[in-house]
Novice: 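Starting off with a structure, shown below.
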Amino acid sequence: MSGAPGMPVAGIRPAPRRPDGSAADLVLRNAKVFTGDPARPRARALAVKDGRILALCDDEHELAGLVGPATRVVDALGRRVVPGLNDSHLHVIRGGLNYVLELRWDGVRSLRQALAMLREQAGRTPRGQWIRVVGGWTAEQFAERRMPTVAELNAAAPDTPVFVLHLYQSALMNRAAVRAAGYTRDTPDPLGGQIVRGRDGEPTGVLLAAPGALLLYSTLAKAPALDEAGRRTSTRHFLRELNRFGLTSALDAAGGFQNFPDDYATVVDLARAGELSLRIAYYLFPQTAGQELADLRRWTATVRPGDGDEWLRLAGAGENLTWAAADFENFAQPRPTLPDGYEAEFEQAVRLLTEHGWDFRLHATYDETVRRDLAVFEKLAAEGLFPGGGRWLFDHAETVSDHSLDRIAALGGAVSVQNRMSFQGTVFLDRYGAEATARTPPVRAMLERGLTVAAGTDATRVSSYNPWVALHWLVTGRTVGGTALYPAANLLEREEALGLYTRGGARLTGEEDVKGILREGFYADLAVLSQDYFTVPDAAIPDIESVLTVVGGRIVHAEAEYAGLDEVLPPVAPAWSPVARFGGYAGSGPRQAEAMAEAVAESERHRRWRAARGEGGVPGPAPDPVDPCFAH
């Protein structure tokens with residue numbers, strides 16, 4: 001590689017400096033390129049100029065004339081190359097603001113290891129801060145096949161507040177977190193939530209979504225937040241973590257506790273500085289019940305979809321337009337019944353957006369919700385107002401019926417599906433049975449109707465942000481614990497599934513003419529994979545990572561033989577951050593495995609060091625963090 005000794009580049013020699021400036025900025029050779037372009041599905045090499053694909057070829061010597069003295073030539077070493085992945089439903093802005101404060105259990109294979117991480121982090125977390133495990137895991141992924149207990153949290157961290165979010169269902173808090181949150185026997189249960197209490201009336205540390213998750217999220221919001229400098233650093237490291245898996249774009253679906261414009265300021269600042277490493281199309285989500293229409297009117301009067309550039313742009317409104325129209329997805333609880341008459345306000349919101357040409361997306365888990373929303377759209381369509389030239393889609397749609405799919409298709413809608421069933425599928429199966437589970441959601445039926453379908457994760461508070469876990473679910477129909485959910489008729493071929501993660505997302509934002517495939521003139525967004533997605537065993541798909549991720553011609557992530565070629569990030573801060581110690585997703589990458597092993601090995605050293613300093617609240621030596629009730 002030019003400028004990087006030790007990489008083989010035989011066969012391509014730099015040409016003399018080209019006065020017309022036509023030399024490529026980057027050449028990738030010796031690759032198994034899957035372009036995603038039906039007109040040219042494969043190539044062996046490609047060239048990049050000014051952030052776009054300049055050329056693709058089967059004989060890399062054809063690119064020799066594009067190599068100048070300043071061209072960086074990268075040897076893919078025969079690895080698989082795919083278009084950059086695009087998560088069509090990711091809470092990337094909110095996730096970035098808190099990433100460095102979170103202990104991620106994503107991909108951790110045993111509860112024993114998870115509790116060891118928790119105990120080690122308790123020895124490093126300063127007084128006044130919380131340890132927070134916020135989504136991305138489920139009990140089914142652990143060898144023990146169970147959640148931790150409150151007793152185990154108390155033993156691992158007796159004095160440091162610990163908050164552990166489990167899906168949309170519940171949260172666990174140790175004694176210190178209950179105190180820090182201010183919960184007492186006199187604290188009333190909020191609407192849709194339950195603070196579980198013992199015989200004495202005191203909170204036990206268990207919070208339940210019954211069925212809404214507002215209690216869980218409002219409790220998490222009590223934890224200390226980062227200042228603006230910290231949010232900036234945190235977001236950059238979260239984007240790098242996403243780049244690690246080959247993600248080059250994401251649609252930010254907004255969400256609760258994400259206010260516009262305040263909570264968008266960090267990504268706006270990074271975009272202005274040219275420091276985003278992921279393309280983000282974002283949506284606006286009214287935050288306060290009763291004020292939704294006022295928010296939408298203000299936004300339609302001041303901003304427009306498309307505002308921004310190729311790195312950061314406004315996509316539209318959603319995933320909620322009005323709170324009353326949103327169902328909940330806690331499959332451990334019965335399906336909620338939405339209030340009568342929500343359609344009147346919902347119709348006003350849709351009418352307003354349609355009149356202004358705004359795109360929008362709608363959270364709808366159950367077919368009952370989809371049917372009621374569609375009735376509103378059909379009423380507006382009869383008036384000649386819908387869809388009015390804007391793009392619109394349903395998110396999730398786990399139980400959508402064939403009849404509703406026909407209605408969506410007739411109205412020109414699309415669907416964004418997420419692998420929430422990877423984490424919640426067993427709970428759904430237990431409640432509704434195998435027949436209902438077999439089409440949650442019916443992705444094959446969506447594609448057969450010609451609908452635009454895109455894939456994503458809905459990370460970070462339920463599913464993991466690792467897109468290969470989602471691709472594994474689309475291909476195999478299995479949960480992270482291996483439970484089979486779907487018959488063969490509802491599974492996708494690997495190429496089809498990848499298309500949902502590349503072209504699908506681009507279509508939702510009207511960018512299919514610039515990204516989603518590798519073609520001359522398209523964005524140079526691509527990933528060189530650690531394993532060949534098209535040939536590895538099914539069980540190995542979640543372990544795939546990118547060893548080299550390129551966004552707009554920039555190398556934004558580099559591992560293995562390419563380590564050091566990516567852009568330098570500021571150190572993770574604060575120094576006690578769980579990410580600084582453990583990293584993010586506990587995958588199979590060499591750096592990740594090394595960091596995890598080192599962290600666990602030094603747990604006792606950290607504890608003794610703090611104890612020697614005379615610090616209070618240091619955990620005592622407790623070699624086994626597992627609740628004895630579950631010991632074997």
Side-chain angles (χ1 to χ4, degrees), residues 89-95 97 168 190-193 209 211-218 220-221 251-268 280-308 312-329 336 338-339 341-365 369-370 372-373 376-377 380 386-388 390-396 413 416 458 461 508-509:
H89 187 123
L90 177 65
H91 297 281
V92 58
I93 294 175
R94 185 177 67 193
L97 298 180
Y168 291 118
L191 182 66
L214 183 60
L215 171 62
L216 313 183
Y217 296 162
S218 61
L220 178 61
L251 281 66
D252 184 274
F257 298 91
Q258 184 171 314
N259 290 289
F260 179 81
D262 296 350
D263 290 325
Y264 294 72
T266 299
V267 290
V268 170
I280 301 173
Y282 62 89
Y283 292 78
L284 304 184
F285 184 126
Q287 293 296 302
T288 305
Q291 298 181 17
E292 300 98 318
L293 291 175
D295 285 340
L296 293 173
R297 290 190 185 101
R298 184 174 69 255
W299 296 336
T300 55
T302 55
V303 293
R304 288 192 57 80
D307 286 354
L312 182 67
R313 59 197 294 266
L314 173 61
E319 62 183 291
N320 275 3
L321 301 184
T322 62
W323 280 94
D327 55 19
F328 300 105
E329 54 288 309
L338 298 185
Y342 81 72
E343 287 86 351
E345 184 183 35
F346 178 70
E347 179 185 329
Q348 292 183 63
V350 175
R351 187 183 295 271
L352 175 67
L353 294 172
T354 302
E355 289 173 347
H356 286 81
W358 271 54
D359 297 356
F360 65 88
R361 63 193 306 160
L362 289 170
H363 172 110
T365 301
T369 307
V370 172
R372 291 177 68 175
D373 290 353
V376 172
F377 303 158
L380 295 176
F386 191 85
R391 287 176 292 268
W392 69 275
L393 65 123
F394 280 115
D395 280 304
H396 315 311
S416 175
D458 198 13
R461 292 186 173 178
L508 293 186
T509 53

Novice: Pairs in or reaching into residues 312-328: which pass salt bridge (charged side-chain N to carboxylate O under 4.0 Å, His left out), with residues at least two apart or in two chains?
Specialist: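 As it turns out, the salt bridge (charged side-chain N to carboxylate O under 4.0 Å, His left out) pairs with a partner in residues 312-328, which skip direct neighbours, are Arg313-Glu511.
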Novice: Would you say Ser416 and Leu508 make side-chain contact, with heavy atoms under 4.5 Å?
Specialist: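 A side-chain contact under 4.5 Å exists here.
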Novice: Do you know which of Glu347, Gln348, Glu355 makes side-chain hydrogen bond (donor to acceptor under 3.5 Å, both in side chains) with Arg351?
Specialist: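 When side-chain hydrogen bond (donor to acceptor under 3.5 Å, both in side chains) is applied between Arg351 and each of Glu347, Gln348, Glu355, only Glu347 qualifies.
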Novice: Closest approach of Tyr342 and Ala324, non-hydrogen atoms and distance?
Specialist: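 Closest pair (atom of Tyr342, atom of Ala324, distance): CB-CB, 3.8 Å.
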Novice: Which one of Asp252, Leu97, Leu251 satisfies the side chain to side chain contact (heavy atoms under 4.5 Å, CB included) criterion with Val92?
Specialist: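 Among Asp252, Leu97, Leu251, the one meeting side chain to side chain contact (heavy atoms under 4.5 Å, CB included) with Val92 is Asp252.
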Novice: I need the Tyr217 OH to Phe257 CZ distance, nearest 0.5 Å.
Specialist: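 Rounded to the nearest 0.5 Å, the OH-CZ separation comes out at 9.5 Å.
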Novice: Under the rule for salt bridge (charged side-chain N to carboxylate O under 4.0 Å, His left out), what residues qualify as partners of Arg391, not counting sequence neighbours?
Specialist: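 Applying salt bridge (charged side-chain N to carboxylate O under 4.0 Å, His left out) to Arg391 gives Asp359.
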Novice: Residues in ring pair (Phe, Tyr, Trp, His ring centres under 6.0 Å) with Tyr168, at least two apart?
Specialist: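 In terms of ring pair (Phe, Tyr, Trp, His ring centres under 6.0 Å), with neighbours along the sequence ignored, Tyr168 is linked to no residue.
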Novice: Between Asp458 and His89, is a side-chain hydrogen bond (donor to acceptor under 3.5 Å, both in side chains) present by the stated rule, with each step listed?
Specialist: CA-CA 5 Å; Asp458 198 13; His89 187 123; 3.0 Å; yes
Novice: Please round to the nearest 0.5 Å and tell me the distance separating atom CD1 of Ile93 and atom CG of Leu312.
Specialist: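 Rounded to the nearest 0.5 Å, the CD1-CG separation comes out at 6.5 Å.
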Novice: So, for Leu321 and Pro286, which heavy atoms are closest and what is the spacing to 0.1 Å?
Specialist: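 Result for this residue pair: O-CG, 3.6 Å.
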Novice: Can you name the salt bridge (charged side-chain N to carboxylate O under 4.0 Å, His left out) partners of Glu343, sequence neighbours left out?
Specialist: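 In terms of salt bridge (charged side-chain N to carboxylate O under 4.0 Å, His left out), with neighbours along the sequence ignored, Glu343 is linked to Arg372.
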Novice: Can you list the residues that meet the salt bridge (charged side-chain N to carboxylate O under 4.0 Å, His left out) rule with Arg298, with sequence neighbours excluded?
Specialist: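 Arg298 satisfies salt bridge (charged side-chain N to carboxylate O under 4.0 Å, His left out) with Asp295 once adjacent residues are dropped.
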Novice: Can you tell me how far the CG atom of Leu314 sits from the CZ atom of Phe260, to the nearest 0.5 Å?
Specialist: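 Output value for this atom pair is 6.5 Å.
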Novice: Pairs in or reaching into residues 284-294: which pass side chain to side chain donor-acceptor pair (under 3.5 Å), with residues at least two apart or in two chains?
Specialist: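 Applying side chain to side chain donor-acceptor pair (under 3.5 Å) to every pair that reaches into residues 284-294, excluding sequence neighbours, yields nothing.
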Novice: Can you check whether Gly256's main-chain N or O pairs, donor with acceptor, with Arg94's side chain at less than 3.5 Å?
Specialist: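 It does hold such a pair.
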Novice: Heavy atoms, side chains only, cut-off 4.5 Å: are Arg461 and Leu216 in contact?
Specialist: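 Contact flag for Arg461/Leu216 side chains = no.
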Novice: Looking at every non-hydrogen atom in both residues, tell me the closest pair between Ala364 and Phe394 and how far apart they are.
Specialist: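 Between these two residues, the closest heavy atoms are CB-CD2, 3.8 Å.
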Novice: Side chains of Pro387 and Phe377: closer than 4.5 Å at any heavy-atom pair?
Specialist: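 Answer no - side chains too far apart.
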Novice: For Val370, is there any backbone N or O sitting under 3.5 Å from a side-chain donor or acceptor partner on Asp373?
Specialist: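 The answer is no, because no donor-acceptor pair under 3.5 Å joins these two groups.
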Novice: Looking at side-chain heavy atoms only, is the closest gap between Phe360 and Leu296 below 4.5 Å?
Specialist: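 No - every pair of side-chain heavy atoms lies 4.5 Å or more apart.
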Novice: Let me confirm one number: the CH2-CG distance from Trp323 to Leu338, rounded to the nearest 0.5 Å.
Specialist: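 Trp323 CH2 to Leu338 CG: 13.0 Å, rounded to 0.5 Å.
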Novice: State, with a plain yes or no, whether a side-chain heavy atom of Leu284 is found less than 4.5 Å away from one of Trp358.
Specialist: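 Yes, at least one pair of side-chain atoms sits under 4.5 Å.
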Novice: Would you say the rings of Tyr282 and Tyr264 are close, in the sense that their centroids are separated by under 6.0 Å?
Specialist: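 Between Tyr264 and Tyr282, the centre distance is under 6.0 Å.
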Novice: How close do Pro305 and Ala315 get, heavy atom to heavy atom, and via which atoms?
Specialist: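 Smallest interatomic distance, heavy atoms only, reads CB-O, 3.7 Å.
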